[in-house]
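Written out below as structure tokens is the structure these notes cover.
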Amino acid sequence: MFFALSFLAVPAAATVHYKISLDHPEQHVFHVTMTVPNAALSEAIRMPAWNALYQIRDFAYRVEDVRAAWADSSGGESGQLSPRKLDKSTWQFGYDRDAFMSLGRGELVFRYLIEWDDPGPFNSQLNPHHAFVNFAEVLMYGPARRDEDVSVEFVDIPAGWRIATALAPGSAANTFAAPSYDALVDAPVEIGKFEEFSFVEAGAPIRVVVDAKEWNRARLEDALKRITGYELKLMGGAPFKEYTFFFHIGSYAEAGGGGMEHANGSAISSSSVEGAIATAAHEFFHLWNVKRIRPQSLEPVDYTKEQYTRALWFAEGVTSTYGAYALERSGLRNKEQWYGDLAEQITELESRPARTWQSVEESSLGAWLEKYDGYRQPDRSISYYNKGQIDGVLLDLAIRDATANHKSLDDVMRHMNEVYALRGRFYDDSGGFPGDIGSIGVAVNDVAGRSFEEFFRRYVSGTDEIPYDKFLAVAGLEVKIDSSKLADLEFRASRAPGVGAVVAQVAPGSTAEAAGLQKGDVLMSMNGESLPRNIRGWLHEHHAGDTVTLRVRRDGEEKEISYALGEGGSGGRYSIVELSNPSEKQRRVREGLLHGTTD
């Protein structure tokens, strides 16, 4: 007879314990044992359906050989349980009820295998080189026991490998503890022969773990000190006891790279140190924006289905605003590079016909559709990262204009940190209809001392064309456009979880096709560098006929493919320049924008 298993509420001392074996890493299989104390007749055990990316990824398809038993008083096992799968991610077990009753409430010992060999930061990996673990992709949970203490132990660790994680150490070797399942899965782990260094910034210890063959420590360390120093000062100090950067650089990076924020750290993948630095500026600001200044719609986390929010334009896009600010304001980039980056963002948005009908709030809701190739096309969607970054700068300019440069977007971020993060509250982002500005708009109103309803109605929940010159003129800046022909890569790429950027289509009869580029090729690098986040910006720096060299992976082998760029349509490239004779107010606003200051 089958009964569902779940667990009665028990004291925090009754720790759910996980043991993860790394035996035979060449097989790419994590051997997991989950021990649940005080188990009782009730619900089932589940595998999360999503984590790291806003995509349903169904990690349960990787699970195999599910087994369970009751532990008896002597530490052995009895009452073997027969697994019964209820749906794609949930298990329950059949067993002898009389045997269970004789044992009393005891420990459930649950075993399974799960295969992973996909590079981070959005995946997990086990191979002869190292292990990288996002726990929600590897460990199941009891729905009723997510708030209980948990511990995780690694065994069968290859010789010479070390463990790095932001988790607190447990009572035994290679064991770590967390106050809940949610806290556990928000702390990734790197296990291998990595390098590391640490430093203290504004009284806060910061650890840097690097998995790379060749990298410039001096450059990375200097940049991280500048970025963390600026952002910690901006937000009034560290919200953590210790922060850990995990870097996979060069050949150990995911194709295309990327970064994933965590409560007390971040995991970053890039083909170069410079790419890693740029990503770090974004990810470190997530310490506040999204991890602590957090929309109510993302709480509590529901691992079983999509979790919709209208606020990704703010959580991700405005974080990109501050990533760019951090690089410029800390001296890692000059003002011309900051102008250039903002101009590339404008170029990208204006190249997308979907901007005329999809708002940046709707783009936030559509994050769950990004795994589908067609959704990312210019006539189908805009990016909440892209327009959100632009909206962040425009809000900053508008606030400075309204307050004679006495207030800025910095004040809004600090205000939201105080009102929400420091008080353990989440902000309301449930609006979406004209006139409903939500908690973000209320915070802007409070800081600026006037209503910003029109801004939110037109450029956040609405799709009005943005009058860039009107906003930029506040800082003595203007937009120019170059309509010369744009070079063409002659292929279209999409992002696939676990592999990175993949060629989705090659233009028939093109030089790319003649050179041997094929649909399904995994893109590793372009001209020896990370794949550019802004393809149009990259193309504007090249011309038809220029040679491009792609490094791709096909059927497990890497190869280089070189060909001449084709000619596309009108580029419509934007640039930002300073007015030659700014007014005193324009000059003060510009200096404030570039240096993060107010009058």
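Remember, it's a predicted structure, so these values are computed and weren't measured experimentally.
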Take His248 and Ile268 through the test side chain to side chain contact (heavy atoms under 4.5 Å, CB included) and record every step on the way to the result. CA-CA 6 Å; His248 299 157; Ile268 295 169; over 6 Å; no
Tyr563 and Leu489: which non-hydrogen atoms are nearest, and at how many Å? OH-O, 2.7 Å
With no hydrogens and no angle check, do the side chains of His595 and Glu328 hold a donor and an acceptor under 3.5 Å apart? no
Heavy-atom pair with the smallest gap, counting every atom of Ala354 and Ser381: CB-N, 3.4 Å
Gap separating the OG atom of Ser510 from the CG atom of Leu565, nearest 0.5 angstrom: 11.0 Å
Residues Glu274 and Arg219 bridged, charged N to O under 4.0 Å: yes
Please enumerate all residues that pass salt bridge (Lys or Arg N to Asp or Glu O under 4.0 Å) together with Arg333, with sequence neighbours excluded. none
Lys/Arg-Asp/Glu bridge criterion (N-O < 4.0 Å) met for Asp410, Arg329: yes
Can we say Arg551 and Glu560 salt-bridge, meaning some charged N sits less than 4.0 Å from an Asp/Glu carboxylate O? yes
Hey, are Asn386 and Gln345 close enough side-chain-wise for a donor-acceptor pair under 3.5 Å? yes
Test side chain to side chain contact (heavy atoms under 4.5 Å, CB included) applied to Thr319 and Phe314, step by step: CA-CA 7 Å; Thr319 296; Phe314 185 78; over 6 Å; no
With a 4.5 Å cut-off on side-chain heavy atoms, are Leu594 and Tyr339 touching? yes
Could you tell me whether a side-chain N or O of Glu567 sits under 3.5 Å from a main-chain N or O of Ala544, the two making a donor and an acceptor? no
Compare all side-chain heavy atoms of Val208 with those of Leu224 and state whether any distance is below 4.5 angstrom. yes
Sole residue of Trp368, Phe59, Tyr303, Phe122 in ring-ring contact (aromatic ring centres under 6.0 Å, His included) with Trp50: Trp368
Show the nearest heavy-atom pair for residues Leu409 and Asp396, with the distance to one decimal. N-OD1, 3.1 Å
List the steps and the verdict of ring-ring contact (aromatic ring centres under 6.0 Å, His included) for Tyr375 and Tyr372. CA-CA 6 Å; Tyr375 180 76; Tyr372 302 109; 8.3 Å; no
Side chain of Ser271, backbone of Ser525: donor and acceptor closer than 3.5 Å? no
So, taking the atom named CD in Gln337 and the one named CD in Glu344, what distance separates them when rounded to the nearest 0.5 Å? 10.5 Å
Measure from the side-chain N and O atoms of Arg57 to the backbone N and O of Ala49, and report whether any donor-acceptor pair falls under 3.5 Å. no
Return yes if some donor-acceptor pair links the side-chain N/O of Arg376 with the main-chain N/O of Glu370 below 3.5 Å, else return no. yes
What I'd like to find out is whether the side chain of Lys387 reaches to under 4.5 Å of the side chain of Arg355, using heavy atoms alone. no
Between Gln358 (side chain only) and Ile382 (backbone N and O only), is there a donor and an acceptor less than 3.5 Å apart? yes
Of the non-hydrogen atoms in Trp357 and Pro353, which two are nearest, and what is the gap between them? CD1-O, 4.0 Å
Value for CZ (Phe491) from OG1 (Thr511), rounded to nearest 0.5 Å, stands at 11.0 Å
What's the separation between atom CG in Asn123 and atom CH2 in Trp116, rounded to the nearest 0.5 Å? 5.0 Å
Is Arg553 salt-bridged to Asp521, going by a charged N under 4.0 Å from an acidic O? no
What are the two closest heavy atoms between Ile277 and Ile227, and how far apart are they? O-CD1, 3.6 Å
Hey, does Phe132 have a side-chain heavy atom less than 4.5 Å from the side chain of Val189? no
So, for Val589 and Val474, which heavy atoms are closest and what is the spacing to 0.1 Å? CB-O, 3.5 Å
Show your working on side chain to side chain contact (heavy atoms under 4.5 Å, CB included) between Ile399 and Leu397 and close with a plain yes or no. CA-CA 6 Å; Ile399 293 167; Leu397 288 167; over 6 Å; no
Could I get the full list of side-chain contact (heavy atoms from CB on, under 4.5 Å) partners for Glu26, not counting sequence neighbours? His24, Pro128
Val210 vs Trp215 side-chain heavy atoms within contact, under 4.5 Å: yes
Under 4.0 Å between a side-chain nitrogen and a carboxylate oxygen: does that hold for Arg217 and Glu195? no
Are Glu591 and Arg587 close enough for a salt bridge, meaning some N to O gap below 4.0 Å? no
Are the side chain of Ser364 and the backbone of Val360 linked by a donor-acceptor contact shorter than 3.5 Å? yes
May I ask you to decide whether Lys291 forms a salt bridge with Asp186, counting only side-chain N to carboxylate O separations under 4.0 Å? yes
Could you tell me whether the side chain of Ile466 reaches within less than 4.5 Å of the side chain of Leu349, counting heavy atoms only? yes
Determine whether a donor-acceptor pair (N or O, by modelled atom type, separation under 3.5 Å) exists between the side chain of Asn527 and the backbone of Thr549. yes
Below 4.0 angstrom, N of the basic side chain to O of the carboxylate: do Glu137 and Arg62 qualify? no
Do the non-hydrogen side-chain atoms of Val552 and Met524 ever get within less than 4.5 Å of each other? no
Between Trp538 and Val548, is any pair of side-chain heavy atoms under 4.5 Å apart? yes
Would you compute the distance between atom CE of Met235 and atom CE of Met413 and round it to the nearest 0.5 angstrom? 5.5 Å
In chain order, what residues pass the side-chain contact (heavy atoms from CB on, under 4.5 Å) check against Ala324, with sequence neighbours excluded? Trp338, Asp341, Gln389
Check against ring-ring contact (aromatic ring centres under 6.0 Å, His included), Tyr243 and Phe284: CA-CA 9 Å; Tyr243 187 90; Phe284 194 72; 4.9 Å; yes
I'd like to know if the side chain of Asp58 and the backbone of Tyr61 have a donor-acceptor N/O pair within less than 3.5 Å. no
With a 3.5 Å distance limit and no angle check, can you tell me whether Ser363 reaches the backbone of Tyr384 through a side-chain donor-acceptor pair? yes
Residues Lys193, His130; criterion side chain to side chain contact (heavy atoms under 4.5 Å, CB included); working and verdict: CA-CA 7 Å; Lys193 298 180 180 180; His130 80 146; over 6 Å; no
Pairwise distance CZ(Arg400) to CG(Leu395) - rounded to 0.5 angstrom: 12.0 Å
Got a sec: does the CD of Glu214 have more than 12 other heavy atoms crowding it under 6.0 Å? no
Under 3.5 Å donor-acceptor, Glu231 side chain and Phe285 backbone: yes
Can Phe471 and Tyr459 be said to form a ring-ring contact (aromatic ring centres under 6.0 Å, His included), step by step? CA-CA 12 Å; Phe471 284 99; Tyr459 310 122; 5.7 Å; yes
Verdict with reasoning, Glu350 to Tyr468, per side-chain hydrogen bond (donor to acceptor under 3.5 Å, both in side chains): CA-CA 11 Å; Glu350 293 301 307; Tyr468 298 105; 2.8 Å; yes
